[in-house]
Amino acid sequence: MKKLKLFGLLGAVAALGVMATSVTSCGGDDNTVRLGLHLNFGAGAGYSAIQQGYFEEEGVTIQQQTGQGPALAASLVSGQLDVSFMGNGVAWNYFTERQEITLVALDNLTNDDKLIASKQGKGKELTIDSSVEDLANALRGAKVALDLDATPRAFFTSLLTEINKSLDASEKIWFQDVAENKIPAGLENYDPANMINVSTATNANVGVAMQNHEYDFCVAFAPVSTTLIKDTANFTMVASTLTHMPDSYTPSTWAVNTAWLETHEELFAKFMRGLVKGMNFRRDNPVQSEKDVETLTAGSFKATGAVDIAEWLGAEEQLELLESGDAMKYVENIRASQTSEEMSDKVTAEDAADFSYLKTACESLVD
């Protein structure tokens, strides 16, 4: 079995674009799955499962809907969608006491979010090898741009938690979100002198703001992060999951509406086989998979070369994670990275995730 490398898996999951719907016809209404897909390569396994005919092979009709992560999550929770790709920015929905959705598969272990410093700002002297103390000193009072509705929020929260482990209580750094929640939660002391000035913006707007030198730092993901990092005269990457918190990976996932699953288990099992076939295809043919995304989004998603920095999960890799226990460890990481007040302490990672359908599908597709 191929040994899974726990790095470099793209997680650019904050979707862009308007909602759109299409149907891949391969069965009657009783075989229809209403599927939410982000408008990016993060959901590429779903796009390839459609475009390569894998759902059709399983007798599943796909009604595809693309859109922004929070909107798709809301549609899944309300039952307007049956299954959806999920970014970590909205993964708190797995841990509400109502449990309207269930986590059913990991998609990738993201190393895509990056902390990038402007060489004209407070972090101009930092490098990827700077100490956590140097990072903390530069971040205090700094202006940072990131999308608080997507994966950058979880990444930045986890990064600050990691940095704060090395600092005295009086030195720990923090920020406030738009609801004035203090993050990271649970600090003994929220000294105003240690506050980071965080502004929220979409990934694309973060890139524009950095190029206009409006911020000292940003948290961005591909293709924006790739563009900024290549501009070595003006920007430098100073932190990533791989470099600063390799034990804190928070995967993107696939989710199912819990009530729908209870009455459509046989159909969902077929869907999962099709999806895993799509995962295998994306792993083995990443460039073609990216073309599948472009085709099914009518060119709204453009190839960025981001596949070159990723290793994608297939059936063998999924089984390895399940057998080693790492899959559930990543669910624990997801839970630890969430800050929504709607989460319940009573809902554990084991409550939130059901990998049984994934395991059965993967086992059926491994030679």
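Computed over heavy atoms, backbone and side chain alike; hydrogens, waters and symmetry mates excluded. One is the number of the first residue; the rest follow in order along the sequence. All values reported here derive from a predicted model rather than from experimental measurement.
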Any idea which heavy atoms bring Q211 and L228 closest together, and the distance? CG-CD2, 4.0 Å
Compare every heavy atom of L319 with every heavy atom of E363, then report the nearest pair and how far apart it is. CG-CD2, 3.8 Å
Gap separating the CD atom of E350 from the CZ atom of F355, nearest 0.5 angstrom: 10.0 Å
Under 3.5 Å side-chain donor-acceptor pair for [X] and [Y]:
X	Y	result
T202	N205	yes
D168	S170	no
T348	D351	yes
N234	D231	yes
S337	T250	no
Y357	E265	yes
Y330	T253	no
S158	T161	no
N194	W174	no

For K359, does the NZ atom sit with more than 12 other heavy atoms under 6.0 Å from it, leaving out its own atoms? no
Taking the six-membered ring where the residue is Trp, are the ring centres of F156 and F175 under 6.0 Å apart? yes
Below 6.0 angstrom between ring centroids: does that apply to W312 and F41? yes
So, applying side chain to side chain contact (heavy atoms under 4.5 Å, CB included) with D113, which one of D147, L146, T151 is it? T151
Kindly say whether L167 contributes a backbone atom to a donor-acceptor pair with the side chain of N164 at under 3.5 angstrom? no
Carboxylate-amine/guanidinium contact D82 R34, below 4.0 Å: yes
